[in-house]
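Note that these values count all heavy atoms, side chains included, but never hydrogens, waters or copies made by symmetry. When a residue number appears, it is its place in the shown sequence, counting from 1. We count ligands from 1, going down the list as the structure has it; atoms in each ligand are counted the same way.
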Amino acid sequence: MKQMLIAGNWKMNTTSIEAEKLCGLIAGGLMKMPRIDVKILVCPPAVNISNVGRVIKGSRISLGAQNCHYERKGAYTGEISVSMLSHLGCEYIIAGHSERRAYCAETNELINKKAVAILSGGLIPIICIGESLEQRKAMQTFEILENQLNECLYGFAESDMENIAVAYEPVWAIGTGVAASVRQVDEAHNWIRNYLNNAIGAGANNTILLYGGSMNADNAGELLRLENVNGGLIGGASLTADSFLSIIHEGQNAIRM
Ligand code: PEP
């Protein structure tokens, strides 16, 4: 069966009470679904991970974080380590989201350090890559993706490939309401799978490839059915239980085909 991960990135949204309510509604909705083979993940703001963890305990929802530091501990004021997140029950950590690249000056080199730390800590890094609109217009998309993959996955072995996820998130599609077209997503994901296979080895056939960028209940079905799409990293549409549950439903249909 095709791997399918539906991941919600709540970004800097939800107070603790709102976070508990949202994940409670998602967990409640999942209980009404007859069958769930899809892996479901929520990545709340760091301050809400603990309480969300308590609410989703025993449900089908896994817990993730939006960011971490690459050092194990020490004098890094304001930072959070992989082991701290692991102790709260996180299984996944997003690394290199385009918003962190843009607003926190995160580089491929830094993202690589984080991804290595996440993997070494026994968690799954969700490594984000994607081109800007200018780069796409200049026909540089695959050059950019190649560079991001080379640098963010530097030093990764073939055996690591089943323990990571790569999220293709074209920057121009994130939070804009304009998702990439089915053809664009198909082309990019086939290219990424092929590239990883050639560069690292056939183990990359087991790498989870997520699409992110304005995925919603209406477009999720056709995107999730693409051969090399193993799920979605969802921002806006993960903030209401109904739309997130609809995407989960589409993911479930996509792997049943
Ligand atoms: C994201 O945060 O990774 C994302 C894809 O956001 P949105 O779904 O809102 O475009």
query: Looking only at distance, does Gly212 have an N or O less than 3.5 Å from an N or O of ligand 1?
result: no
message: At less than 4.0 angstrom from any non-hydrogen atom of Gly175, what atoms of ligand 1 do you find?
response: 7 (P), 9 (O), 10 (O)
query: Would one find an N or O of Asn9, backbone or side chain, under 3.5 Å from an N or O of ligand 1?
result: yes
- prompt: So, are Lys114 and Glu106 salt-bridged, with charged N and O less than 4.0 Å apart?
  reply: yes
message: Can you report which non-hydrogen protein atom sits closest to atom 2 (O) of ligand 1, along with the distance?
response: Lys11 CE, 2.6 Å
Aromatic plane relationship, His189 with Tyr211 - under 30° parallel, 30 to 60° tilted, over 60° perpendicular: tilted
- prompt: If you measure from each non-hydrogen atom of Ile174 to ligand 1, which part falls under 4.0 Å: side chain, backbone, both or neither?
  reply: both
For Glu169, atoms of ligand 1 separated by under 4.0 Å from a heavy atom: 1 (C), 3 (O), 4 (C), 5 (C)
statement: The atoms of ligand 1 lying under 4.0 Å from a heavy atom of Gly236, numbered in the order shown, are 7 (P), 8 (O), 9 (O)
message: Can you name the atoms of ligand 1, numbered from 1 with element, that are less than 4.0 Å from a heavy atom of Gly213?
response: 5 (C), 10 (O)
- request: Output the list of atoms in ligand 1 that are nearer than 4.0 Å to some heavy atom of Ala173, sorted by atom number.
  value: 10 (O)
query: To the nearest 0.5 Å, how far apart are CG in Leu30 and CD in Gln252?
result: 10.5 Å
